[in-house]
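Proteins come first, then strands; the chains are lettered A, B, ... in the order of their sequence lines, and each starts at number 1.
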Protein chains: 2
Amino acid sequence: MRRIVPDRDQLLGIVAEVFREHGYEGASLALIGEATGLGKGSLYHFFPGGKEEMARAVIAHIDGWFEDNVFAPLRDSTDPLAGIEQMLEATDSYFRSGRRVCLIGAFALDESRDLFAGQIRDYFGRWVTHLADALARSGHRPDEAGELAEEAVAAIQGALTLARAANDLDVFSRALRRARMRLGLPAKI
Amino acid sequence: MRRIVPDRDQLLGIVAEVFREHGYEGASLALIGEATGLGKGSLYHFFPGGKEEMARAVIAHIDGWFEDNVFAPLRDSTDPLAGIEQMLEATDSYFRSGRRVCLIGAFALDESRDLFAGQIRDYFGRWVTHLADALARSGHRPDEAGELAEEAVAAIQGALTLARAANDLDVFSRALRRARMRLGLPAKI
DNA sequence: GACTCATTGTACCGATCGGTACAATGTCGG
DNA sequence: CCGACATTGTACCGATCGGTACAATGAGTC
């Protein structure tokens, strides 16, 4: 039997896309099955907990990607400004310059938040905390660093909403450019 | 027969709350009926177009509220900064200092955007445009005014997401305070 | 009271929902 | 080839979905 979805990584990526486009309620098992090429038998074999486990695994998968590509540079870069630059580039890449929406942000808005509250809080909390740490190391006062970090993460989330509402990718790239400026990075990369 | 929902305004407000909490897909007619105290007979009497017409009416209702309480002050105030101040107060009041989520922003994120794309684009577009106009009248260069307006509206949307993710209302009030500063208003009201 | 017409409750529709059961395959070590 | 186990397709479940039909009831108006 030909496997359409070869590994778990790719599988989670496809399932994530379905959740992203349709939301937790709107992502039916039929849609997920269609997108992945897997029947219910397979889906429930890989995720015995059903739809909720799929969503949890998808969130954890995204969280892991951000841990490796966004949070780690913020935490580990010897030059904090270089880490922030890497964060912005990874963010632009992940959200495909505004074409993609933040699944975890979308989950935070409706009732599915109650199901995944812990994972959601953790994801955004670590983003803000690690960015604030990097800003503090780059010379900002701690309280100022916290405010700037919160402002930047919120600006990214809001820009994703606005870009999608206006159907205009430039909204997102303008927001990233402003974030670069606010965070103390040179104007052009 | 006792009317639980006396007028259309109140009815739309209750239906809006159901959409806000559950999203378009998640807001079932059963939930809407329960919240409003109306059976399907009544709901389809007032909204022959069904769920989609309910959502359209709710968006238009919200749009109308923002037109009166947010956009109009921005447009009509002789002192543009006073208009911006009124906008921020109305925004804080509408979103209940972060307890409430932006229904139209939530709709913008998932597939329901396709159904209501026009209304959604219009709502955010007018918000940004009117704010940019007020900023231009208050002395900013036109391009700078546009950027500031887009940044402020995105910051508000992002703060709503973050506040709900962190379950922390202060996130939203801090964002409004920063917006006030960025837009050139005195620090304390 | 009788004639409107708005409003409502209820029964019902086919479709789809998330989830379960299970037999039939595939893969692979022995 | 064989047994073990992973993987899969399919049939099926009760519940709920959005939507329709319609008779009963409401409040006015004459």
**D:dG19 base / B:Lys40 side chain donor-acceptor hit below 3.5 Å** = yes

**Request:** Tell me which nucleotide among D:dC17, C:dC17, C:dT7 gets nearest to the side chain of B:Phe46.
**Result:** C:dT7

**Between P of C:dA6 and CZ of B:Phe47, the distance in whole Å** = 16 Å

**Item:** Between P of C:dG9 and CG of B:Leu43, the distance in whole Å
**Value:** 10 Å

**Message:** Using whole Å, what does the distance between atom P of nucleotide C:dG19 and atom CG of A:Leu29 come to?
**Reply:** 6 Å

**Item:** Charged tip of A:Arg100 within 45° of A:Tyr94 ring normal and under 6.0 Å
**Value:** yes

**Request:** Please report, rounded to the nearest Å, how far the P atom of D:dT16 is from the NZ atom of B:Lys51.
**Result:** 15 Å

**Request:** Starting at atom CD of A:Glu25, determine the distance to atom C1' of C:dC17, rounded to an integer number of angstrom.
**Result:** 10 Å

**Message:** Pair B:Arg56, B:Glu53 - check salt bridge (Lys or Arg N to Asp or Glu O under 4.0 Å), show working.
**Reply:** CA-CA 5 Å; B:Arg56 253 177 237 291; B:Glu53 184 179 338; over 6 Å; no

**Prompt:** Any side-chain N or O of A:Ser28 less than 4.0 Å from the OP1 or OP2 oxygen of C:dC17?
**Reply:** yes

**Item:** Expected output: side-chain B:Arg99 to main-chain B:Arg96 donor-acceptor under 3.5 Å
**Value:** yes

**Message:** Could you tell me how far apart B:Leu38 (CG) and C:dT10 (P) are, to the nearest whole angstrom?
**Reply:** 14 Å

**Request:** Inspect the contact between A:Arg180 and A:Glu89 and indicate whether a charged nitrogen and a carboxylate oxygen are less than 4.0 angstrom apart.
**Result:** no

**Item:** side-chain N/O B:His45 vs C:dT7 OP1/OP2, d < 4.0 Å
**Value:** yes

**Asked** How many Å lie between CZ on A:Phe19 and C1' on C:dG18, as a whole number?
**Response** 12 Å

**Fill in**
Per nearest nucleotide of DNA chain C, the residue lying toward the 5' end, B:Gly41 or A:Gly41, is B:Gly41

**Asked** How close or far is atom P of C:dG18 from atom CG of A:Leu115, stated in whole angstroms?
**Response** 13 Å

